[in-house]
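The next block holds one structure in the form of structure tokens; read it before the comments.
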Amino acid sequence: MSEDDNNMEDYPTEIHDYLAAFEKSLGSVDEMLKTMMSVSRSELLQKVDPLEQAKLDLVSVYTLNSMFWVYLATQGINPKEHPVKQELERIRTYMNKVKEITDKKKAAKLDKGAASRFVKNALWEPNAEKEHTSKTPAKGKKRQ
């Protein structure tokens with residue numbers, strides 16, 4: 001009997017799929033962290049605008065705190081009763097604020113001049129109609 005077969009007997013087979021998925025996820029996180037760490041922070045911050053810097057910082061700190069949440073869970077500590085929960089909520093609040101700012105930037109802006117011209121031309125003006133009718137007969141008289 002091999003060592004893997006012996007380990008399979010230590011826990012239910014249903015858990016094996018979850019553990020395999022968890023291991024794969026950890027590998028993905030590790031690769032992402034290596035990619036992020038390959039570029040210096042100052043070099044990265046020079047390439048992006050302040051809003052993107054805020055997004056990058058928030059994602060980084062959220063990821064770090066989420067990993068700490070998982071660590072606490074693996075140590076048998078309930079993370080819901082730990083201060084990390086309040087920290088994650090605080091970070092989410094700031095993420096929502098940044099999202100609102102981003103959405104406002106993407107929102108259509110009102111061109112006041114164009115809007116006033118549109119409204120002015122779309123409204124009926126009684127004086128304009130009188131001028132129009134008075135001009136028509138005058139043109140007719142010239143032709144006679």
Side-chain angles (χ1 to χ4, degrees), residues 1-140:
M1 193 183 244
S2 73
E3 188 176 330
D4 287 338
D5 292 338
N6 194 18
N7 286 337
M8 289 290 287
E9 293 174 8
D10 292 346
Y11 57 89
T13 56
E14 298 87 30
I15 296 176
H16 179 70
D17 294 335
Y18 290 117
L19 290 174
F22 181 69
E23 185 179 22
K24 183 178 177 184
S25 296
L26 280 178
S28 298
V29 169
D30 188 40
E31 286 180 33
M32 292 287 250
L33 285 174
K34 285 179 183 174
T35 303
M36 281 187 67
M37 301 303 260
S38 66
V39 178
S40 73
R41 181 167 164 74
S42 60
E43 190 177 312
L44 184 63
L45 292 179
Q46 289 176 355
K47 295 179 182 178
V48 295
D49 65 350
L51 188 59
E52 293 298 319
Q53 289 177 10
K55 287 180 184 180
L56 180 65
D57 289 341
L58 286 169
V59 167
S60 299
V61 75
Y62 190 83
T63 302
L64 182 65
N65 281 283
S66 296
M67 291 174 70
F68 187 67
W69 176 286
V70 172
Y71 171 75
L72 290 174
T74 61
Q75 298 303 308
I77 300 170
N78 186 358
K80 293 178 182 176
E81 297 172 0
H82 194 275
V84 73
K85 181 180 180 192
Q86 287 89 14
E87 184 65 15
L88 285 168
E89 289 172 2
R90 186 178 74 86
I91 296 165
R92 268 191 229 114
T93 303
Y94 286 113
M95 289 175 115
N96 288 335
K97 287 181 182 181
V98 168
K99 185 178 183 318
E100 287 175 16
I101 293 169
T102 304
D103 291 345
K104 282 182 184 178
K105 277 187 163 184
K106 289 180 183 177
K109 292 181 177 64
L110 177 65
D111 183 358
K112 292 180 183 178
S116 64
R117 289 190 301 275
F118 177 77
V119 170
K120 182 180 175 184
N121 291 328
L123 292 176
W124 175 73
E125 294 180 20
N127 293 339
E129 187 175 297
K130 286 180 186 176
E131 290 174 10
H132 182 66
T133 55
S134 65
K135 289 180 182 177
T136 307
K139 288 181 182 177

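Keep in mind that this is a model prediction, so the values were computed, not measured.
- Here the closest non-hydrogen pair linking Glu52 and Val48 is CB-CB, 3.7 Å.
- A distance of 9.5 Å separates CD in Gln53 from CG in Leu51, rounded to the nearest 0.5 Å.
- Within the model, atoms CG of Asn78 and CH2 of Trp69 stand 7.5 Å from one another, a figure rounded to the nearest 0.5 Å.
- Between Val70 and Phe22 the shortest side-chain heavy-atom distance falls below 4.5 Å.
- Between the side chain of Asn65 and the main chain of Val61, a donor-acceptor pair closer than 3.5 Å is present.
- With rounding to the nearest 0.5 Å, the separation of CG in Leu72 from NZ in Lys80 is 13.5 Å.
- In this structure, the separation between CG on Leu64 and CD on Glu87 is 9.5 Å, given to the nearest 0.5 Å.
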**Request:** Might you work through the salt bridge (Lys or Arg N to Asp or Glu O under 4.0 Å) test for Asp57 and Arg41, ending with a clear yes or no?
**Result:** CA-CA 10 Å; Asp57 289 341; Arg41 181 167 164 74; 2.7 Å; yes

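- Of all heavy-atom pairs spanning Ile91 and Leu58, the tightest one is CG2-O, 4.0 Å.
- Atom CD of Glu23 sits in a sparse spot, with 12 or fewer heavy atoms from other residues, nucleotides or ligands closer than 6.0 Å.
- A 4.5 Å side-chain heavy-atom check between Thr63 and Met32 finds every atom pair outside the cut-off.
- With sequence neighbours left out, the side chain to side chain contact (heavy atoms under 4.5 Å, CB included) criterion links Val119 to Leu123.
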